[in-house]
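Data block below; observations after.
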Amino acid sequence: MLVFTEKKVLSQHLSSIIEANKSIGFVPTMGALHQGHLSLMEQALKENDTVVVSIFVNPTQFNNIEDLEKYPRTLEADVNKMQTLSENLLIYAPDVKDIYEQKLASESFDYDGLELKMEGKHRLGHFDGVGTIVKRLFEIITPNRAYFGEKDFQQLQIVKKLVEKFQLPVQIIGCPIFREPNGLAMSSRNERLSPQARKKAAFIYETLQKSKQNFITKSAQETTEIVEKAFNKQKNFKLEYFEIADEKTLCICQKKDNNKKYRGFIAVFIENIRLIDNIPMY
Ligand code: PAF
């Protein structure tokens, strides 16, 4: 398995693939790989001649230094996991300098307001950091297709907007959320939960499923209040937000419109670890 740490060397390697008219699939990650990541890679391997996986904990998308420092970095284990899938995956695992050179800073992006909702409201600057790294990785790797999980649904919409605004020649493919057997959405952050918290965190998806049921007969506001009350009764959780929003614009649902598709979005703390999840309400 080839592991590249320098963009120059990776680009050289990829240029022969591009010249041969072969397609490149790309799965961007921050490492600490789990089954959800591997499922993205599996899909990418099916649909492309070559697949590049980036492993890079991007500092500019963290608004909390402790979160950045504690983010798991497990390159060796990640490579081993990928090896079970395919020997042909190419890994790009740069250091900060290879990506940011002399200037560790985000660019500013206008995503037509998508960045002002939910995660953007609670993690200031987060989507500038995401846009900066994703755009740079696209420039280095020049993929035909790039794969993003729907767990970070807002990120997926933002990346689609980035591609549209900069007219980047890459197709963005959203892939379904992978869940642990108890329903908890797979996330690298789950590794930081105690076994008890990991069990209890099943409550998040259970509540999302109930909210979907409630939304059939109740308004968005009533459904939201029921979720908030359910979390208020739980001493282990701190709910940051639950919102029912239009999938496309991410605008909160004030009044149900049958022509729109809604999703329930949640961010919640357990043991001081922030988890997010979402569910289609249709
Ligand atoms: O979803 C992630 O893991 C990250 O936000 C991404 C897309 C790899 C950019 O750093």
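Whatever order the structure lists them in is the order used to number ligands and atoms, beginning at 1.
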Which side-chain N or O atoms in residues 3-13 pair as donor and acceptor under 3.5 Å with protein atoms at least two apart or in another chain?
from: K7; atom 1: NZ; to: D98; atom 2: O; distance (Å): 2.5
from: K7; atom 1: NZ; to: E101; atom 2: OE2; distance (Å): 2.8
from: S11; atom 1: OG; to: K7; atom 2: O; distance (Å): 2.9

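- Ring planes of F237 and F203: tilted class, angle from 30 to 60°.
- Cation-pi geometry between R263 and F153 is met: the NZ or CZ atom falls under 6.0 Å from the ring centre, inside 45° of the normal.
- With sequence neighbours excluded, no residue satisfies side-chain hydrogen bond (donor to acceptor under 3.5 Å, both in side chains) with K81.
- By the side-chain hydrogen bond (donor to acceptor under 3.5 Å, both in side chains) test, E107 is found to be paired with R136, residues two or more places apart in sequence or in another chain being considered.
- Salt bridge annotation for K117-D246: absent, with no cationic side-chain nitrogen under 4.0 angstrom from a carboxylate oxygen.
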Could you tell me, for ligand 1, which of its N or O atoms are under 3.5 Å from any protein N or O, listing the pairs and their distances rounded to 0.1 Å?
from: ligand 1; atom 1: 1 (O); to: Q155; atom 2: NE2; distance (Å): 2.8
from: ligand 1; atom 1: 5 (O); to: Q61; atom 2: NE2; distance (Å): 2.9
from: ligand 1; atom 1: 5 (O); to: Q155; atom 2: OE1; distance (Å): 2.7
from: ligand 1; atom 1: 10 (O); to: Q61; atom 2: OE1; distance (Å): 2.6

